[in-house]
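Here's the structure we're looking at; comments come further down.
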Amino acid sequence: MDIRDRYAPSPTGLQHIGGVRTALFNYLFARSQQGKFILRLEDTDRTRFDPAFVQNLYDTFAWLGLRWDEGPDTGGPFAPYIQSERFELYRKYAAELVAKDKAYYCFCSAERIEQIRKEREEAHSSESGYDRHCRSVPPGEAQRRADAGEPHTIRLKIPLGEKTRFTDKLLGEIEWKNDDISPDPVLLKSDGFPTYHLANIVDDHLMGISHVLRAQEWLPSTPLHVILYAAFGWEHPEFCHLPMVMGSDGKKLSKRHGATSVDEFRRQGYLPEALINYVALLGASYEEGKDLYTLEELAARFSLDKLNKAPAIFDYKKLEWYNGQYIRMKSDDELAALALPYAVSAGLFGEPEKAPTAEQRNSFTVAMPLVKERASFLHEIPEKLGYLFSEPAIPAAEEFIPKKANLAEAIRLLQIGRDLVTPMSNANDEDAEVLIKAKAEDAGVKLGDLMMPLRVAITGARVSPPLFGSLRILGADRALARVDRALVGMRKLSASPTLPADPPIP
Ligand code: GLU
Ligand code: ZN
């Protein structure tokens with residue numbers, strides 16, 4: 001059997017994590033079976049359609065690096081892959097069901113349907129949906145009325161008093177009483193547009209879809225789909241309803257939990273590899289003890305029996321960990337290119353939106369090793385590197401004072417450190433370390449106490465990216481100017497008569 005599956009989004013919103021998970025699992029399943037993965041746009045709901053959402057779909061999957069084998073933009077043997085371009089087809093198939101007495105014309109007005117709903121509500125009736133009023137109109141009469149132009153919908157004639165069964169690849173045997181299925185749902189609306197159910201089944205059949213992998217929220221529609229396939233006399237595809245994706249509180253993942261649209265993740269500085277890797281684990285397990293997978297590795301390992309029945313919890317912290325891992329795997333050039341847009345918009349190179357000079361661009365790349373090990377998000381990279389591109393504010397004097405020392409001692413330490421600035425700016429990490437260690441020993445001070453005021457003077461903060469690398473990128477002249485600026489401020493303060501007494505050295 002040819003394995004063919006599909007992602008069939010309705011472009012009525014931005015692509016979100018749930019959709020990406022569905023698409024990714026279909027992609028991986030097709031790849032793992034040497035099958036084909038198809039994109040089909042289910043744009044039958046014209047009131048909620050927006051071309052911007054179609055663009056967002058294309059942008060999202062281009063960014064994620066997930067490609068379909070057949071689709072609206074790629075073409076393929078079953079084109080068109082956009083339902084709004086296939087409306088004639090659905091009309092034809094709906095008429096065929098009426099001719100086979102598997103569906104019927106319903107002439108009820110929207111007002112009448114609303115009326116029944118209201119009456120039942122007032123009577124607290126347990127019944128809901130359509131009352132099957134037109135099911136008993138004799139077919140000949142119904143056909144005449146329809147031909148005469150009387151407005152109508154086409155409804156599926158659900159066989160009553162029976163049960164519908166199918167096997168879900170993950171959930172096993174599913175059995176549903178037909179009487180519990182929405183009573184005779186509309187297949188074709190009065191404007192001639194199909195509903196989701198009709199278009200989805202016709203297309204899955206015509207496009208040779210062998211497996212339907214979709215979110216579990218579609219499970220209640222499946223008995224209806226099985227009935228519809230039978231009405232046509234078609235074999236239905238295999239169904240596999242994927243585990244739900246929940247937030248940490250066990251509720252369905254939503255905006256309350258954090259970003260859900262891929263756009264948001266992208267803006268927040270997530271890498272596509274991290275998102276793919278993490279989403280691939282939402283409801284599936286691959287190899288014990290292995291966390292990091294490329295798309296190829298996932299495709300090689302994916303199978304339906306690796307799916308979990310239990311709902312998947314979307315853990316933002318875990319995703320953050322993945323993002324950090326993928327940031328560390330980038331080369332300096334790659335990472336600089338990825339982080340550059342964030343740096344530009346954050347104004348790292350002077351003012352917001354200002355592009356870097358060639359020299360700044362170069363420093364930015366050279367600075368990547370200083371942040372690579374610590375950043376979890378791309379936007380953190382410019383945040384950590386601000387001091388390399390503009391003069392940091394001079395911190396308050398106490399920031400320079402190591403534990404158990406006083407201002408005078410801090411001045412002395414910084415003065416000693418100053419002598420190292422030029423040689424360390426020209427040395428690699430190892431040599432710089434040798435230099436500063438020797439100096440600390442000579443001066444009889446602790447290494448940490450010697451480094452601390454120097455770090456604060458150079459980077460503007462006690463916690464910063466590595467000092468040696470920072471010195472190299474800044475160069476001796478700029479670094480010395482910062483130390484001198486700090487020394488001037490500290491000396492002024494120590495000469496001030498209003499200075500509170502230094503704490504005694506214990
Ligand atoms: N158009 C439906 C959606 O928006 C497709 C559901 C299915 O996969 O059958 O998810
Ligand atoms: Zn009716």
Side-chain angles (χ1 to χ4, degrees), residues 4-27 29 37-46 48-49 53-54 56-57 68 72 81-84 86 90 98 103-117 129-139 141-142 145-146 150-157 166 168 183-190 194-205 207 209-226 228-229 236-242 244-245:
R4 293 171 58 80
D5 63 15
R6 80 321 190 257
Y7 177 47
S10 302
T12 53
L14 295 174
Q15 289 299 304
H16 54 88
I17 283 298
V20 169
R21 203 273 307 258
T22 300
L24 177 62
F25 280 25
N26 276 284
Y27 173 93
F29 181 62
F37 170 55
I38 289 123
L39 175 73
R40 182 174 73 229
L41 284 186
E42 301 212 323
D43 58 345
T44 51
D45 184 350
R46 302 309 288 172
R48 286 164 65 209
F49 174 82
F53 294 140
V54 178
N56 171 260
L57 169 83
W68 33 87
Y81 293 88
I82 302 183
Q83 291 190 326
S84 59
R86 302 167 64 83
Y90 310 128
V98 175
Y104 61 91
Y105 296 118
C106 166
F107 301 99
C108 297
S109 61
E111 290 75 34
R112 178 172 184 275
I113 306 273
E114 176 56 21
Q115 173 94 30
I116 331 176
R117 200 192 57 77
Y130 182 54
D131 63 356
R132 302 193 167 95
H133 180 72
C134 301
R135 187 161 163 148
S136 53
V137 178
E141 182 195 326
R145 285 168 68 180
E150 187 173 340
H152 60 267
T153 60
I154 291 179
R155 289 183 181 273
L156 178 65
K157 204 173 201 171
F166 62 94
D168 184 276
D184 297 0
V186 172
L187 301 177
L188 202 69
K189 295 185 253 187
S190 57
T195 57
Y196 153 71
H197 303 297
L198 176 67
N200 186 268
I201 266 59
V202 166
D203 284 348
D204 277 349
H205 174 71
M207 294 179 179
I209 298 302
S210 65
H211 288 74
V212 169
L213 275 57
R214 63 183 169 197
Q216 228 159 73
E217 65 212 40
W218 294 99
L219 186 63
S221 296
T222 309
L224 171 62
H225 295 179
V226 170
L228 202 41
Y229 279 104
H236 65 73
E238 301 273 15
F239 293 105
C240 182
H241 290 87
L242 305 171
M244 302 282 280
V245 182

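Along the sequence shown, residues are numbered consecutively beginning with 1. This is a predicted model, so every value here is computed, not measured. Every number for a ligand or one of its atoms is a count from 1 in the order of the listing.
- The protein atom (non-hydrogen) at minimum distance from atom 8 (O) of ligand 1 is R6 NH1, 2.6 Å.
- Atoms SG and CG, on C106 and D131 in that order, are 8.5 Å from each other to the nearest 0.5 Å.
- For ligand 1, the polar-atom distance check against A8 finds a nitrogen or oxygen pair separated by under 3.5 Å.
- Checked against the 6.0 Å centroid criterion, the rings of F166 and H236 do not qualify as a close aromatic pair.
- The aromatic rings of H241 and F239 lie parallel to each other, their planes meeting at an angle below 30°, with 60° marking the opposite boundary.
- In terms of modelled atom types and a separation under 3.5 Å, the side chain of T195 and the main chain of V186 share a donor-acceptor contact.
- Atoms of ligand 1 lying under 4.0 Å from at least one heavy atom of N200, given by number and element, are 7 (C), 9 (O).
- By the criterion of a heavy-atom distance under 4.0 Å, neither the backbone nor the side chain of T22 is placed next to ligand 1.
- When the heavy-atom distances from atom 9 (O) of ligand 1 to E42, R214, Q83 are ranked, the shortest goes to R214.
- Between C134 atom SG and C108 atom SG, the angle centred on the Zn ion (ligand 2) amounts to 110° (nearest 10°).
- The angle C106:SG - the Zn ion (ligand 2) - Y130:OH amounts to 100°, with values rounded to 10 degrees.
- Ranking the protein heavy atoms by distance from atom 10 (O) of ligand 1 puts W218 CZ2, 3.3 Å first.
- L219 contributes atom CG, which lies 10.5 Å from atom SG of C240 (distance to the nearest 0.5 angstrom).
- Scanning the protein heavy atoms around atom 4 (O) of ligand 1, the nearest turns out to be S10 OG, 3.2 Å.
- Between the side chain of S10 and the main chain of E42, a donor-acceptor pair closer than 3.5 Å is present.
- In this pair, H225 and H197 present their aromatic rings perpendicular. The plane angle is above 60°, beyond the 30 to 60° band.
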